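Worksheet for the structure shown next.
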Amino acid sequence: MAVGRSGPVGGTPATASPDPAALLRSRGYLGLLLLAALLGLPICAAAFGFLALVHELEPLLYRDLPTALGFSATPVWWPLPLLAAGGLLVVLTIRHLPGNGGHEPADGFAFGGPPPLAALPGIVLAALATLACGAVLGPEAPLIALGGGLAAGAVRLRRDVPELAVKVVGAAGSFAAVSTLFGSPLLGAFLLMETSGQGGALLGAVLVPGLLASGIGALIFTGLGDWTGLGTYSLTLHHVPEAAAPTLPEFGWALAIGVLAALAGCGVRRLSLVLKGRVIRHRLPATLAMALAVAALAIAFAEATGEPATELLYSGQSALGSLFDHIAGFSAGALVLLVVCKGLAYCASLSCFRGGPIFPAMFLGAVGGVALAHLPGLQITAASAMGIGAMTVAVLRLPLTSVLMAALLLGRPGLTVLPLVIVAVVVAYVLTARLTPAAGPGEGREKGSPGRA
């Protein structure tokens, strides 16, 4: 492989910025594209396997295991031992395997350097314990780490490959793994663009390998989904109600939703960081306490509403898909209770478990929007789209990704209400920035943490 041996990919001094035009013309860059295309196959197969395993473990642990133990149905108290076991596994992984179990989700969401291969078993195991046992976090962060780590590890087999090539291929692997989850390479591209720290013409050179890998990965996901009959696990919203053109009152609602989302997002982040500080000082007992708190919130919600505890557990990715078929039939009071209880469970999960923050934020925004749609002057599609965009940007602080996520996931009705989404996202983004204090050096990380995934 000629990666890094010809042109700026391999010849640029560490202190100089590479010339994007020369980078694109170099033989090394063509080799980089070929490598990204080849790596897209096994990386996306690994990502598919990870998501399939999570999908199979969730009902196995929550429904089939109690039946196998002699219960006629899942006991109402079942989340207590399930989440405690998950928390214990996460602690053991953090303490005894390389890589700290992955990045600390309470610290936020960002693309950093790909993890070493030695850290991947711990990252995958901690994520499986988190996701399968019902903690309120998503699969996107471990997928990013898995894709980036596998891609960078393959490149590092050649000792003469420069660090720039390793970073580009690692980003392409992360890009391919997460794009298939979101169901759109476009969303993955904006996510990478806003979190990679690259800009200008060089951004295109970094994005192209990722686009190529994610395009091939989409074919792998589709093929494996058809072959296995398991589906693709891509986020899709079904039966979205048609949306009318935005009205003046709805623009007023966009301002209000932006403000509410900023306050909620800042509250989630601050509370999760406070809880994380307690967890770091007393890892095992504090993690078990947070796990039991999540379980208690799920049980309380189930007892109060008559709905299953699974409505509150897990990331909310599956529930988002059936949002308009199921959640929209809840009463306004049940929706508000779901937002409050799942929001608190989200904070507890962020503080100690391992996973991604995106899907719970989207779910909270969507359900909050549906709850507000019970008030006059606000249609349900517009409310849910604004809630998704505003809550996502309040937690992630990625405005372009948040707008596209809200609009594209809802299909054509989402594009109809796009002006409302933009207003809500901008308001939430600006207010979040004003409410968030500047972080000091190293703030929010545990000593010895490898940083963000």
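The shown structure was predicted, so the numbers you read here are calculated from the model rather than taken from an experiment.
The line from CZ of Phe363 to OG1 of Thr392 is 13.0 Å long, rounded to the nearest 0.5 Å. For the atom pair CG of Leu65 and CG of Leu57, the computed distance is 11.0 Å after rounding to the nearest 0.5 Å. Within the model, atoms CE of Met290 and SG of Cys347 stand 10.5 Å from one another, a figure rounded to the nearest 0.5 Å. Separating the CZ atom in Arg278 from the SG atom in Cys352 is a distance of 14.0 Å, to the nearest 0.5 Å. For the atom pair CG (Leu312) and OH (Tyr346), the distance works out to 13.5 Å, reported to the nearest 0.5 Å. Taken from CD1 in Ile380 to CG in Leu372, the straight-line distance is 11.0 Å, to the nearest 0.5 Å.
Remark: the backbone N or O of Tyr62 is paired with a side-chain donor or acceptor of Thr74 at under 3.5 angstrom. Panel note: side chain Arg354, backbone Asn100; a donor-acceptor pair is recorded below 3.5 Å. Using a distance-only test at 3.5 Å, with no hydrogens or angles considered, no donor-acceptor pair links the side chain of Glu250 to the main chain of Ala382.
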Practice task
For the pair Val367 and Val336, evaluate side-chain contact (heavy atoms from CB on, under 4.5 Å) and give the outcome as yes or no after the intermediate values.
Solution key: CA-CA 8 Å; Val367 175; Val336 171; over 6 Å; no
| Hey, mind stepping through Glu242 and Arg412 against salt bridge (Lys or Arg N to Asp or Glu O under 4.0 Å) and telling me if it holds? | CA-CA 8 Å; Glu242 290 296 327; Arg412 187 178 63 182; 3.2 Å; yes
Check your understanding: For Thr436 and Cys266, what are the C-alpha separation, side-chain angles and deciding distance, and is it a side-chain contact (heavy atoms from CB on, under 4.5 Å)?
Key -> CA-CA 7 Å; Thr436 303; Cys266 288; 4.0 Å; yes
| message | Applying side-chain contact (heavy atoms from CB on, under 4.5 Å) to Leu273 and Asp107, what does each step give before you reach the verdict? | response | CA-CA 7 Å; Leu273 287 173; Asp107 289 342; 4.0 Å; yes
Original post:
Could you walk me through whether Thr401 and Val393 pass the side-chain contact (heavy atoms from CB on, under 4.5 Å) check?
Top reply: CA-CA 8 Å; Thr401 301; Val393 79; over 6 Å; no
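With a 4.5 Å cut-off on side-chain heavy atoms, Ile257 and Val423 do not count as touching. Using a 4.5 Å heavy-atom threshold, the side chains of Pro42 and Leu150 count as separate. Counting only heavy atoms from C-beta outward, the side chains of Arg269 and Val395 never approach each other to under 4.5 Å. At a threshold of 4.5 Å between non-hydrogen side-chain atoms, the residues Val136 and Leu313 do not count as touching. Residues Met362 and Met391 form no side-chain contact, since every pair of their non-hydrogen atoms from C-beta on lies 4.5 Å or further apart. Between Val417 and Met386, the closest side-chain pair of non-hydrogen atoms is not below 4.5 Å. At least one side-chain heavy atom of Leu344 sits less than 4.5 Å from a side-chain heavy atom of Leu271. Between Ile358 and Leu396 there is a side-chain heavy-atom pair separated by less than 4.5 Å.
Minimum heavy-atom separation, Ala291 to Phe353: CB-CZ, 3.8 Å. Nearest heavy atom pair, residue Ala261 against residue Ala394, reads O-CB, 3.3 Å. Pairing each heavy atom of Pro114 with each of Gly149, the nearest pair is CB-N, 4.1 Å. Pairing each heavy atom of Pro81 with each of Trp78, the nearest pair is CD-O, 3.1 Å. Across all their heavy atoms, Leu297 and Cys341 have their closest contact at CD1-O, 3.7 Å. Residues Leu143 and Ala47 share a closest heavy-atom pair of CD2-CB, 3.7 Å.
Tyr429 OH: 12 or fewer foreign heavy atoms inside a 6.0 Å radius.
Tested against Leu137 for a side-chain contact (heavy atoms from CB on, under 4.5 Å), the candidates Pro142, Pro105, Ser315 yield a single pass: Pro105.
Phe301 does not carry Lys342 over the face of its six-membered ring by the limits of under 6.0 Å from the centre and within 45° of the normal.
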